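A quick write-up on the structure given underneath.
Every number for a ligand or one of its atoms is a count from 1 in the order of the listing. Everything numeric in this text was worked out from a predicted model, so none of it was measured.
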Amino acid sequence: MKQLICQAVLARLVLLFGLLPWVGSVHAETGADGWLRYAPVASGWDRWRYEALPGFVVALDRSDVVFAAQEELVRGVRGLLGRILREETSTATADSIVLATLDTARKEFPELGKAPELKSEGFWITSIRKNGKNHLLVTGPDDRGVLHGVFALLRRMQAGESIARLNLSESPAAPIRILNHWDNLDGTIERGYAGRSLFWESGKIVSDLGRVRDYARLMASVGINGCSINNVNADARVVTEAYLPEVARVAEVFRNWGVKLYLSLDFASPQKIGGIDSFDPLDPRTVEFWQKTVAEVYRAIPDLGGFVLKADSEGRLGPSQYGRTHADAANVIARALKPHGGVLFYRGFVYDHEMDWHDLSLDRAKAAYDNFKKLDGRFEDNVVVQIKHGPIDFQVREPASPLFGALEKTSQAIELQITQEYTGQQRHLCYLVPMWKETLDFDMEAKGRGTPVKDLVSGKTFNRPSGGYVGVSNVGRDVDWLGSHLALANLYGFGRLAWNPDLSAKDIAEEWTRQTFGNDSQVVDAITDLQMRSWPAYENYTGPLGIGTLTDIIHVHFGPGVESSEHNGWGQWHRSNETGTGMDRTVATGTGYLGQYRPAVAARFESLKTCPEELLLFMHHVPYTHELRSGKTVIQRFYDAHYAGAEEAARFVTDWKKLKGKIDDERYAAVLKAFEFQAGHACVWRDAVNDWFFKKSGISDKKGRVDHHPGRIEAESMVLDGYSAITVTPWETASGGRAIAATATNTPAAASFQFFGKPGWHDVVVQYFDENDGASRFTLLIGGQVMDRWTADDTLPSDAPNGHTSSRHTVHGVMLRRGDEIRIQGVPDGKEAAVVDYVEIKAAD
Ligand code: GCW
């Protein structure tokens, strides 16, 4: 009796708790749920649409994955509709949602008609009537299919779509749909912009795997079926006895959600952890080491997906040490993996970063093809060559890597970068799905016309047994996963594209927005639109016409640094000089890279007349005065693009402001702050790149904007008290190449000037440098009155004044009279010298 009462109380509590989301959003919108928010379906009408949903769920298969599917269904329906599905064990008693693999479903419902063709992990959602009961059946050839079906059902409901008379079947386009993490065992993340690792801390797997579980759900919800959790710049210890039980804990969490664990290897492991004085892949001791080690790993993690290997690249040791090939290297591990059913991902990102840049025939873009084409057919069947989508390294625009079209007897996977290393590091909005789609849809003409990259990587074109998609994810411990609410569309989009590359970028953005922000049409349209405009804008203000992201390529890859890609071994981007710009990669006069494409494609790229303009400078060196198809010169197009991009970034702010009150305050404010930063940084980019090209070419902007900034007062021209002028490196990242820095540590300094413009309401922009080695404080005073105060305490990726740290603070709506004194006081902190670049005074918005 007592027990019964307790149960009743418990049931009530569950009910209450369960209904809470229905009565209104009670938790802050932190972004922690990603797109799996299951927020209540808004209107009565929408809710009514789901009235016929059965109240029971029956999981006919007893696997962990099917249980996870059931748990998710209950959770989703509870959030969306405020209804708690009851778990039943039989289909005989009530209308129900039935979760079952196809074999089980057939036994239960012999009358089930012919199932649609389904590949592994595919699903079918259909209705069936038996013994007077109506069931909604979610099925698939395996339990992962059932899980994907449940997520598809919930996705429809989140979008407010009808699920009545549903007959929906889907199969994934490719078997490989995995994520790579570049997480180090100490908890740091290479190219991570959202806090520390979800998986690792101080050389151990974290003790609480709650967030790993949430991550696994996010992955499963878009069909991602594997994830490597350590950096490709791998620490050999990860496969040692000390680590395996730890790593196995992650595999266990992933497993319930149909996600396989992968690990990155160090090719020199036989030497580093095996006690052998060699790692020559043909040395019998190395062969034995790998067999023994792989067997040990599989003892700990019997369903490990396999390994990822970066060798002979960026200082990583590899087979070249012994004069062996990449096939030798891949095969020694692949053979050890074979008995366990594992796959080896061998990265095609192999190039010489110590290349002699004086030799103009050398070209980093050629490396992947040169290294791997000759080995086609020499890899074991369980090797997948993992190829970055372009021949360089995730630039804002690159052509599809020619290697995709060159491998006929080797399985391949495309590597796409979700973490925005070269595309604004999640501080800039840059929705990458349209860019990825361009590559996936590009026809390599590898077997005549009609062989887009998506068919090559899925294995369809050359009938390969395996292939697919790898996304470099680098989510971190920040509550919103990627350090930006809107950037999560890239993770979502990667999964959706890997499942179905025929989906449109816009549809994916819209789907994601509905789940993440709700179905209000104004919100859906506005956010989808912002996402779709973001890559073109970023390309415009960083590096248009295929020149590449003109960032500092040697270090952090964030702000502008136009010359950093030149005159060093890491590879040339644009070879700009006094007369022209662009990298000549033609066969006729250049590096010959274009000859790596199949003849028809190569011919199209080789001719200036037919080369796509958006890739012009990737392929050709042209005079600045070269006329584009529009009649505009290259240099003018360059100037215009940078202005257009920065103006577009400014519009992101105004467009976002229209959504105030339409979405929750937390996410509204966070995104607004990010857009304001982006708009400011877009101006830094615009001015740096334009000034550099103006100085190099000596050609003026026809519209008179470049090097001419009305309303701008250089800090070094102000009256300085405790400040002195400094030169900034690279010069183009500060206006006029100079700025002012406080001369004494921790001593306040001031810079002032008088206003002689038109009296009235103004906005005052202060351009300053927010380094990561201190938190300087600034005060803006007008006529002695404090207008605003702020602290430079952001964590931008540099400890010097440059294009990474250049930031702007705008004080809006200030009344100015002629003769007013405008004064900036800076209080330096630590090593940060309260550096100021300029002040700009504009008529108020
Ligand atoms: O883009 C470059 C990154 C490196 C990375 C490398 C790679 C993990 O700058 O940080 O190393 O690519 O893909 O291996």
Completion exercise
ligand 1 to F349, heavy atom cutoff 4.0 Å, flagged ligand atoms 6 (C), 7 (C), 12 (O), 13 (O), 14 (O)
Practice task
Indicate whether the side chain of N331 and that of E380 have a donor and an acceptor atom separated by less than 3.5 Å.
Solution key: no
Practice task
Could you tell me the residue and atom name of the protein heavy atom closest to atom 4 (C) of ligand 1, and the distance to it rounded to 0.1 Å?
Solution key: E190 OE2, 3.4 Å
Exercise for the section: Looking only at protein heavy atoms, identify the closest one to atom 2 (C) of ligand 1 and say how far it is in Å. Expected result: D393 OD2, 3.1 Å
Practice task
Ignoring hydrogens, just give me the one of K388, Q417, E421 whose non-hydrogen atom is nearest atom 12 (O) of ligand 1.
Solution key: K388
Problem - Stacked cation flag R316 on F267, 6.0 angstrom / 45 deg - result: no
Exercise for the section: Looking only at distances, please establish whether an N/O atom of ligand 1 is found under 3.5 Å from an N/O atom of K310. Expected result: yes
Practice task
Answer with yes or no whether the side chains of H353 and E314 bring together a donor and an acceptor at under 3.5 Å.
Solution key: no
Problem - Contact check: W182 vs ligand 1, nitrogen or oxygen atoms, below 3.5 angstrom - result: no
Exercise for the section: Could you list the atoms of ligand 1 found under 4.0 angstrom from a heavy atom of R191? Expected result: 3 (C), 4 (C), 9 (O), 10 (O)
Fill in the blank from the handout: Near V232 (heavy-atom distance under 4.0 Å), the atoms of ligand 1 are 8 (C), 14 (O)
Practice task
Examine H428 together with Y538 and report whether their ring centres are nearer than 6.0 Å.
Solution key: yes
Completion exercise
Heavy-atom closest pair (K366 atom, T591 atom, distance to 0.1 Å) is NZ-O, 2.7 Å
Exercise for the section: Tell me whether the centres of the aromatic rings in Y215 and W481 are closer together than 6.0 Å. Expected result: yes
Completion exercise
Result for side-chain contact (heavy atoms from CB on, under 4.5 Å) between W200 and one of V250, D186, V247 points to V247
Handout entry: R364 to Y351 six-membered ring, cation-pi geometry met (6.0 Å, 45°)
Key = yes
Completion exercise
the protein heavy atom lying closest to atom 6 (C) of ligand 1 turns out to be E314 OE1, 3.3 Å
Practice task
Find all atoms of ligand 1 within a distance of less than 4.0 Å from any non-hydrogen atom belonging to N231, and give their numbers and elements.
Solution key: 8 (C)
Exercise for the section: Identify, by atom number and element, the atoms of ligand 1 in contact range of R347, meaning under 4.0 Å from any of its heavy atoms. Expected result: 7 (C), 13 (O), 14 (O)
